[in-house]
Q: 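Here you go, one structure.
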Amino acid sequence: QVQLVESGGGLVQAGGSLRLSCAASGTIFMFETMAWFRQAPGKQRELVATITPGISTNYADSVKGRFTISRDNAKKTVSLQMNGLKPEDTAVYYCNVVPPAHWGQGTQVTVSS
């Protein structure tokens with residue numbers, strides 16, 4: 001069973017940066033497409049960014065040019081560098097395989113205006 005542990009969230013002012021990390025276990029990580037999702041209060045969970053085993057990336061329009069997803073297959077981690085944060089980026093952020101398996105606890109990101 002895939003296990004995912006997210007970290008790196010926090011409170012930041014608009015325009016600031018955060019780097020999220022996710023440690024994965026219970027899967028052959030190097031063969032997985034990984035993704036970051038987020039869920040804002042009262043909204044459905046949405047896909048933020050994906051990265052394939054071949055390091056192809058894709059982003060939601062709302063974060064293009066501001067967020068960067070990366071992976072380290074040796075460490076079995078996937079990261080999300082978030083720059084130029086906006087209040088609308090406030091959400092709980094989750095990583096997962098694609099298609100999603102068991103969800104972790106997520107990490108809270110709060111952006112103040």
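What you see below is based on every heavy atom in this structure, not just the backbone, and it leaves out hydrogens, waters and symmetry mates. None of these values were measured; they are calculated from a predicted model.
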Q: Using 0.5 Å steps for rounding, measure from the OH atom of Tyr93 to the CE atom of Met82.
A: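 Interatomic distance, Tyr93 OH to Met82 CE, rounded to 0.5 Å: 5.0 Å.
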Q: Let me have the donor-acceptor pairs involving side chains of residues 58-65, under 3.5 Å, with sequence neighbours excluded, atom names and distances please.
A:
{"unit_1": "Tyr59", "atom_1": "OH", "unit_2": "Ile69", "atom_2": "N", "d": "2.9"}
{"unit_1": "Asp61", "atom_1": "OD1", "unit_2": "Lys64", "atom_2": "NZ", "d": "3.2"}
{"unit_1": "Ser62", "atom_1": "OG", "unit_2": "Arg38", "atom_2": "NH2", "d": "3.4"}

Q: To the nearest 0.5 Å, tell me how far Asn83 CG sits from Arg19 CZ.
A: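 Reported value, rounded in 0.5 Å steps: 9.5 Å.
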Q: Quick one: CD on Glu6 to CD on Gln105, what's the gap to the nearest 0.5 Å?
A: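 Atom-to-atom, Glu6:CD and Gln105:CD are 8.0 Å apart.
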Q: Does atom CD (Gln3) have a neighbourhood of more than 12 heavy atoms from anything else shown, all under 6.0 Å?
A: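 No.
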Q: I'd like to know whether CD1 of Ile28 has more than 12 heavy-atom contacts from other residues, nucleotides or ligands below 6.0 angstrom.
A: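 No, CD1 of Ile28 has 12 or fewer neighbouring heavy atoms, counting only those of other groups under 6.0 Å.
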Q: Could you give the distance from OG (Ser17) to CD (Gln81), rounded to the nearest 0.5 Å?
A: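 Going from OG on Ser17 over to CD on Gln81, the span is 6.0 Å.
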Q: Nearest 0.5 Å please: distance from the CZ atom of Phe37 over to the SG atom of Cys95.
A: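 Reported value, rounded in 0.5 Å steps: 9.5 Å.
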Q: Do the non-hydrogen side-chain atoms of His102 and Leu4 ever get within less than 4.5 Å of each other?
A: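 A side-chain contact is absent here, since even the closest heavy-atom pair is not under 4.5 Å.
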Q: Can you confirm whether the side chains of Thr27 and Glu32 place a donor and an acceptor under 3.5 Å from each other?
A: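 Glu32 and Thr27 do have a side-chain donor-acceptor pair below 3.5 Å.
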Q: Just so I know, are the side chains of Leu85 and Phe67 near enough to count as touching, which here means a heavy-atom distance under 4.5 Å?
A: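 Contact flag for Leu85/Phe67 side chains = yes.
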Q: Check whether any side-chain heavy atom of Ser21 lies under 4.5 Å from a side-chain heavy atom of Thr77, and answer yes or no.
A: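 Ser21 does not reach Thr77 side chain to side chain.
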Q: Could you tell me whether the side chain of Tyr94 reaches within less than 4.5 Å of the side chain of Gln39, counting heavy atoms only?
A: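 In contact.
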Q: How long is the gap from CG on Leu80 to OG on Ser70, to the nearest 0.5 Å?
A: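 Reported value, rounded in 0.5 Å steps: 8.0 Å.
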Q: Is the closest side-chain heavy-atom distance between Thr107 and Leu20 below 4.5 Å?
A: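 The answer is yes; the side chains approach within 4.5 Å.
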Q: With a 4.5 Å cut-off on side-chain heavy atoms, are Pro53 and Thr33 touching?
A: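 Side chain of Thr33 against side chain of Pro53, heavy atoms only: contact under 4.5 Å found.
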Q: Between Thr50 and Thr57, is there a side-chain heavy-atom distance shorter than 4.5 Å?
A: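 A side-chain contact is absent here, since even the closest heavy-atom pair is not under 4.5 Å.
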Q: Taking C-beta and beyond as the side chain, do Phe29 and Arg71 meet within less than 4.5 Å on heavy atoms?
A: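 Phe29 reaches Arg71 side chain to side chain.
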